[in-house]
2 protein chains.
Amino acid sequence: MKPVTQDRPYSQTLSRLREAGLRPTRQRLALGRLLFDGGDRHVTAEALHEEAQAAGVSVSLATVYNTLHQFTEAHLLREVVVDSARTYFDTNVSDHHHFFLENAGSLMDIDGGKIAITGLPQAPEGTDVARVDVIVRLHGTPRPAE
Amino acid sequence: MKPVTQDRPYSQTLSRLREAGLRPTRQRLALGRLLFDGGDRHVTAEALHEEAQAAGVSVSLATVYNTLHQFTEAHLLREVVVDSARTYFDTNVSDHHHFFLENAGSLMDIDGGKIAITGLPQAPEGTDVARVDVIVRLHGTPRPAE
DNA sequence: TCTCATATTTAGAATTATTCTAAGGTGTTG
DNA sequence: CAACACCTTAGAATAATTCTAAATATGAGA
Ligand SMILES: [Mn+2]
Ligand SMILES: [Mn+2]
Ligand SMILES: [Zn+2]
Ligand SMILES: [Zn+2]
């Protein structure tokens, strides 16, 4: 009888990789589980790399970058541009927007269905709207009022 | 009788610098004129540096960066984050949003007064909204329909 | 199961935007 | 004009990301 390993197939990483035509390598499976198990996440390459190390998964930073980009091409992730210094990858690929806490560098989702934008001028001749991003930039309040 | 030089005081760069407490150096005056003469502009440090060279103004790239940041602190400029590879500086400091043509890397203003965003959830406890950015990402259409 | 072509990983070098350092030049004020 | 703080700048340093090219793993077929 097989022992119940700590395999957590919640994320169905394996089938996701298959559908995307990506070989289920040890690295991609491990990163996929870190990314897709549990809820929605916003990660940088560096942060995911450290998380992998901490989880005992040996993956190079180059592979983390490769994998994040491949997952993005496969629409398993999307990029969020909020900071010109680092790139965030988002496991939530549905239509949504973001709170960005500039101090902490952390992102929170805003459901796309809850927001409406009116009065947008039409896109210039010869262009198509690829996406509309709303970023609500937040600053921590120094002291909670007493 | 003084010749009519190509000084174009349209931008009132000198008085702007004075108000900001910045010494009107040759470099800051030249960059200020490039930025503020004529209409609203969206520039990268590199692009402004090249423009200065082309205009025969000798300024180092480090000074272009310093100046852009000082102008931003003085609210003569603002930063626009649309691309995680480069920082854009915007001479339009009024409330507005952007079209971003991803192919060309160019920005176009959308008047802030024309847009309304409804349904935004309130900012999390302990945070203040510093700004709301709307970015409409555009892709060029391959062929104009005939 | 073995083989082999192909996909993948990776260390380390390279690239690129931006920032830093520290030394010399400039604007302002008395 | 002197004095000093402010500025500019060349070049080095940083940091995120990409590239290179060599080693390794995967999977289809024998
Ligand atoms: Mn401010
Ligand atoms: Mn960078
Ligand atoms: Zn998100
Ligand atoms: Zn603008």
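Residue numbers begin at 1 in each chain, while the letters A, B, ... track the order of the sequences. Below, each value reflects all heavy atoms present in this structure, side chains not excepted, and no hydrogens, waters or symmetry copies. Note that the structure is a prediction, hence the values are computed from the model and not measured.
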Worksheet item: How does each nucleotide of nucleotides 21-30 of chain C score, in 5' to 3' order, for protein heavy atoms under 4.0 Å: base (B), sugar-phosphate only (S), or none (-)?
Response: -----BBS--
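Atom CG of B/L29 is separated from atom P of D/dT8 by 10 Å (rounded to the nearest Å). Spacing between atom CG of B/L61 and atom P of D/dG11 amounts to 14 Å, rounded to whole angstrom units. As rounded to whole Å, 15 Å separates atom C1' of D/dT17 from atom CG of A/L48. With rounding to whole Å, A/H49 atom NE2 is found 13 Å from C/dT9 atom P. Spacing between atom OH of A/Y88 and atom P of D/dA16 amounts to 11 Å, rounded to whole angstrom units. Atom C1' of nucleotide C/dT8 and atom CD of A/Q70 are separated by 8 Å, given to the nearest angstrom. Atoms CG (B/L68) and C1' (D/dT8) sit 15 Å apart, rounded to a whole Å. Here the P atom of nucleotide D/dT17 and the CG atom of A/N66 are 13 Å apart, to the nearest Å.
In terms of the side chain to side chain donor-acceptor pair (under 3.5 Å) criterion, residue partners of B/T87 (sequence neighbours excluded) are, by chain and number, A/S84.
Here the closest non-hydrogen pair linking A/T91 and A/G39 is OG1-O, 4.1 Å. A/F71 and A/R28 make their closest contact through CZ-O, 3.9 Å (heavy atoms, listed as atom of the first residue, atom of the second, distance).
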Discussion item. Walk me through whether B/H97 and B/D111 qualify under side-chain hydrogen bond (donor to acceptor under 3.5 Å, both in side chains).
Written reply: CA-CA 6 Å; B/H97 301 285; B/D111 192 309; over 6 Å; no
Practice prompt. Dump the intermediate steps for side-chain hydrogen bond (donor to acceptor under 3.5 Å, both in side chains) on A/H139 and B/D128, then the final yes or no.
Written response: CA-CA 5 Å; A/H139 287 163; B/D128 274 341; over 6 Å; no
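Among the protein residues, B/T67 comes within range of no part of the nucleic acid, since none of its heavy atoms lies under 4.0 Å from any strand. Residue-level contact check: A/H69 touches the backbone only, with heavy atoms under 4.0 Å from sugar-phosphate atoms and none from bases. Among the atoms of the strands shown, only primed sugar atoms or phosphate atoms (P, OP1, OP2) are found under 4.0 Å from some heavy atom of A/T87.
Put simply, the side chain of B/L138 reaches to within 4.5 Å of the side chain of B/V136, judged on heavy atoms. When side chains are defined from C-beta on, B/L48 counts as touching B/L68, because their heavy atoms get closer than 4.5 Å.
A salt bridge (Lys or Arg N to Asp or Glu O under 4.0 Å) with B/R78 holds for exactly one of B/D133, B/D109, B/D40, B/D95; it is B/D133.
In the set D/dT8, D/dT17, D/dC7, D/dT17 carries the atom at the smallest distance from any side-chain atom of A/A45. Ranking D/dA16, C/dT10, C/dT8 by closeness to the A/E46 side chain, first place goes to D/dA16.
Between A/H96 and A/H42, the ring planes lie tilted relative to each other; the angle falls in the 30° to 60° range.
Distances shorter than 4.0 Å separate none of the side-chain N or O atoms of B/Y65 from OP1 or OP2 on C/dT19. Between B/Q27 and D/dT9 there is a side-chain N or O to OP1 or OP2 distance below 4.0 Å. Between A/T63 and C/dT9 there is no side-chain N or O to OP1 or OP2 distance below 4.0 Å.
For the segment residues 72-83 of chain A, the set of residues with a heavy atom within less than 4.0 Å of an atom of DNA chain D is empty.
Between A/R131 and B/E102, none of the side-chain N atoms (NZ, or NE/NH1/NH2) sits under 4.0 Å from a carboxylate O, so this pair counts as no salt bridge.
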